[in-house]
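These notes concern the structure reproduced below.
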Number of protein chains: 2
Amino acid sequence: MKTYTISEVAKELNLTVYTLRYYDKEGLMPFVERTPSGNRLFKESDLSALKVIECLKATGMPIKEIKNFIDWCSEGDATLQQRYDMFLERKANVEAQMEELRKTMEVIEHKCLYYKTALEAGTEEIYKKDIIEINN
Amino acid sequence: MKTYTISEVAKELNLTVYTLRYYDKEGLMPFVERTPSGNRLFKESDLSALKVIECLKATGMPIKEIKNFIDWCSEGDATLQQRYDMFLERKANVEAQMEELRKTMEVIEHKCLYYKTALEAGTEEIYKKDIIEINN
DNA sequence: GCTTGACCTAGAGTTAACTATAAGCCTTAA
DNA sequence: TTAAGGCTTATAGTTAACTCTAGGTCAAGC
């Protein structure tokens, strides 16, 4: 069975070895085994789990909450409902973030137009008396 | 002309007065005037500018870079191109964030399904030998 | 056998973005 | 005229998520 060293995993997941050790210290990787001399030995399934952790991080979840999830995973079937609820909550959260980004994008695009027009005119003075722009 | 105190602005923009003073200290609000006794006095146009600042923050722009933009604004027409370029860059950045969120959402939705199925079965053992899940 | 390089831990340092405190100044209502 | 409430500054503290350093172990190649 193929295994990986910490620096291979770091490369693969675009993280640093510092970050991986930090995650371990925070209890995010209780599943990673060691060689007889104490080096971390990552399995394929550990890589998968780390990808899920990265995904949860991408939703904006703080590490302490990710740790709760990992703990639930270790507890087995008894925590299936909590974990399901957590992912539903994450889903709602990501939807809200997307909506916020869409609104942000609207303003940014408006500004792009604003500056495009100003650049063509050579000045933004044209907007200074423009009530519409003032409300943006 | 209607003006606002710092706490009115904080309420309006869902920020704290601490945050507003911090922004001021960081040079994000050189336009805000003062009363004779030294209190900040916000105009409508200051609120608009703060909303643009909030928008830039929502794109993930660090405060120091927002300060650069504010400085450019003070320098007038000579910096129109820089400001335009900056907004184009922000736009690309937000698009990338949206794409990343979409990918994240796919994984989260997959996980929601996973747990829904596991809950219905009462166990996640059904997945333990499932090669497909291991690669997620 | 000894050097090199990758790994280990514990713990200190960094950074961004707040968040709070202390001490003090105006204005206003009792 | 004095007490309260909202403002001011300077500065210290907090938090999350790293990021780095020091000092050490271990396995492989010369």
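Chain naming here is simple, since letters A, B, ... match the order of the sequence lines and numbering starts at 1 in each.
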**Study point:** Tyr22(A) side chain near dC20(D) phosphate (N/O to OP1/OP2, under 4.0 Å)
**Key:** no
**Study point:** Basic-acidic side-chain contact under 4.0 Å: Glu124(B), Arg83(A)
**Key:** yes
Check your understanding: Heavy atoms under 4.0 Å, any strand shown: does Thr35(B) hit a base, just sugar-phosphate, or nothing?
Key -> nothing
Check your understanding: For atom CD of Glu8(A), is the number of surrounding heavy atoms from other residues, nucleotides or ligands below 6.0 Å larger than 12?
Key -> yes
Practice item. Inspect the contact between Asp46(B) and Arg34(B) and indicate whether a charged nitrogen and a carboxylate oxygen are less than 4.0 angstrom apart. Key: no
Review point. What's the NZ-C1' distance between Lys25(B) and dA12(D), to the nearest Å?
Key: 10 Å
Check your understanding: Tell me, which of residues 59-70 of chain B have any heavy atom that sits under 4.0 Å from an atom in DNA chain C?
Key -> Pro62(B), Ile63(B), Lys64(B)
Practice item. Assign Arg40(B) to base, sugar-phosphate, or nothing according to its heavy-atom contacts below 4.0 angstrom with the strands shown. Key: sugar-phosphate
Practice item. Take the protein atom CD of Glu33(A) and the nucleotide atom P of dC7(C), then report the distance between them rounded to whole Å. Key: 18 Å
Check your understanding: CG of Asp24(A) versus P of dC7(C): gap in Å, rounded?
Key -> 14 Å
Practice item. Examine dT9(C): is either OP1 or OP2 under 4.0 Å from a nitrogen or oxygen in the side chain of Arg34(A)? Give yes or no. Key: yes
Point to revise | Lys/Arg-Asp/Glu bridge criterion (N-O < 4.0 Å) met for Arg102(B), Glu106(B) | key: no
**Study point:** Short side-chain N/O contact to dC18(D) OP1/OP2 from Lys57(A), under 4.0 Å
**Key:** yes
Check your understanding: If you find the nucleotide of DNA chain D closest to Ser37(A) and the one closest to Leu15(A), which residue's nucleotide is nearer the 5' end?
Key -> Leu15(A)
